[in-house]
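Structure first, commentary second.
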Amino acid sequence: MIPYLIGMVPDMPTDRIRDHAGQGATTVAAHRRRLRADRARQLADLLRHQLLTAGFPGGALPHESILATDYRASRNTVRQALDLLRAEGLVERQPGVGTVVVAQKYPHGLDRLMGLAETLREHGHVTNEVRTMGPVPAPAPVADRLRVPTGTDVLYIERLRRLGGLPLSLDLTYIPLDLGTALLDADLENTDVFRLLEAITGQRLGHAEITLEAVNADANSAAVLEAPRGAAVLMLERLTHLADGRPVDLEFIRFRGDRITMSGLLHRSL
């Protein structure tokens, strides 16, 4: 483990603290609590990265005193950082053992156009529970994105996707019906839609436009994903095109935020 220096703010005289502190933070004690909370958040971010990249062999974190030395932080700051990670469900404290990693997040790349089973093939078998499938009139936003007349039937598919039996995402998909009809008898339980679309069209998929944001799970989505109601989920909106530019797949995917992490390789260009 490479030790990091947690950001330190030099102590300030009491009168300076009172001069520069905002409303509700006018005491030395409040200033120190804020600094400790800031440092704990910084440390939690560093430890989270190591948790998610197998940086702790055997799954056990070093003792609090070692973490305090390595990161030049106080024991109270270390405990507060570990509390933040516990609240995220990433670690827990086991008597006689210490703090151990109890949750794994699976990597989902944002720099390659791949289906979920293709993306996570090294981590296990992805299965799909098809909850709903059939033609529906295209709402205006869907019709606009897929370039079909509003009200034209499109194929709607709703799938609960699992990895190793654990709910990972809830996918809502819209596909033009001239392509979607061929999917009605396809093995959607074990095959990515991307592969099926390429087989149906005889074309490779070309590119996709994506939007990623955090949203709170509604009661229904939370129940389906077996997540706490109101829990944060990662919402990925993706419009996928064939190599010839035709849009063929509009998806709204809700990922459990505690089981997936998004990453990509970005190149700077001006």
Side-chain angles (χ1 to χ4, degrees), residues 103-110 112-136 138-139 142 145-146 153-206 208-213 215 217-228 231-242 247-263:
Q104 179 180 6
K105 288 193 176 186
Y106 300 101
H108 189 294
L110 293 177
R112 297 183 65 189
L113 183 55
M114 301 175 68
L116 190 65
E118 295 171 323
T119 300
L120 300 179
R121 62 180 178 271
E122 297 178 359
H123 300 279
H125 181 55
V126 173
T127 58
N128 309 310
E129 175 190 329
V130 180
R131 306 183 74 247
T132 305
M133 180 169 65
V136 298
V142 172
R145 304 291 297 282
L146 291 177
D153 279 354
V154 295
L155 181 67
Y156 173 74
I157 309 170
E158 180 175 313
R159 293 168 296 162
L160 173 62
R161 316 197 70 182
R162 301 175 186 269
L163 178 64
L166 295 175
L168 190 63
S169 72
L170 178 62
D171 298 14
L172 282 56
T173 305
Y174 298 88
I175 297 171
L177 197 57
D178 63 315
L179 302 178
T181 300
L183 296 179
L184 293 173
D185 297 321
D187 182 14
L188 288 172
E189 294 186 355
N190 296 291
T191 312
D192 278 338
V193 168
F194 280 2
R195 286 188 174 274
L196 294 171
L197 286 173
E198 289 180 328
I200 292 167
T201 63
Q203 287 193 57
R204 299 282 290 176
L205 296 175
E209 304 154 17
I210 65 171
T211 302
L212 181 65
E213 60 181 320
V215 300
D218 60 273
N220 179 260
S221 297
V224 173
L225 289 169
E226 299 176 19
V233 296
L234 293 174
M235 166 68 84
L236 177 67
E237 179 182 330
R238 180 171 61 195
L239 177 63
T240 302
H241 302 251
L242 292 174
V248 292
D249 184 331
L250 176 61
E251 297 174 280
F252 299 88
I253 306 173
R254 291 169 172 81
F255 287 102
R256 280 194 54 155
D258 59 343
R259 291 182 179 162
I260 201 81
T261 181
M262 300 289 181
S263 62

I want to check something: taking the side chain as every heavy atom from C-beta on, are Leu155 and Leu184 in contact at a cut-off of under 4.5 Å?
yes
Can you name the side-chain hydrogen bond (donor to acceptor under 3.5 Å, both in side chains) partners of Arg131, sequence neighbours left out?
Glu158
Within residues 173-185 or reaching into it, pairs that qualify as side-chain hydrogen bond (donor to acceptor under 3.5 Å, both in side chains) - sequence neighbours excluded
Asp178-Arg246
Only one of Leu239, Thr240, Leu146 forms a side chain to side chain contact (heavy atoms under 4.5 Å, CB included) with Asp249, so which one is it?
Thr240
Do Glu118 and Arg195 meet the salt-bridge criterion of a basic N to acidic O distance under 4.0 Å?
yes
Excluding sequence neighbours, so at least two apart, what forms ring pair (Phe, Tyr, Trp, His ring centres under 6.0 Å) with His125?
none
For Asn128, the side-chain contact (heavy atoms from CB on, under 4.5 Å) test, sequence neighbours excluded, returns Val126, Arg159, Arg161
Listed by chain and number, what are the side-chain contact (heavy atoms from CB on, under 4.5 Å) partners of Pro139, not counting sequence neighbours?
Pro141, Val142
Holding to salt bridge (Lys or Arg N to Asp or Glu O under 4.0 Å), I want the full list of residues that pass it with Arg254, two or more places apart in sequence or in another chain.
none
Residues at least two apart in sequence or cross-chain that pass side-chain contact (heavy atoms from CB on, under 4.5 Å) with Glu226, listed by chain then number, are Arg162, Pro167, Arg256
Results of side-chain hydrogen bond (donor to acceptor under 3.5 Å, both in side chains) for Glu198 - residues two or more places apart only
none
Among residues at least two apart in sequence or on other chains, which ones pass side-chain hydrogen bond (donor to acceptor under 3.5 Å, both in side chains) with Asp218?
Ser221
Can you list the residues that meet the side-chain hydrogen bond (donor to acceptor under 3.5 Å, both in side chains) rule with Ser169, with sequence neighbours excluded?
Asp171
Apply side-chain contact (heavy atoms from CB on, under 4.5 Å) to residues Val248 and Ile175 and explain how you reach the verdict.
CA-CA 6 Å; Val248 292; Ile175 297 171; 5.5 Å; no
Residues forming a side-chain contact (heavy atoms from CB on, under 4.5 Å) with Ile200, sequence neighbours excluded
Leu179, Ala182, Leu183
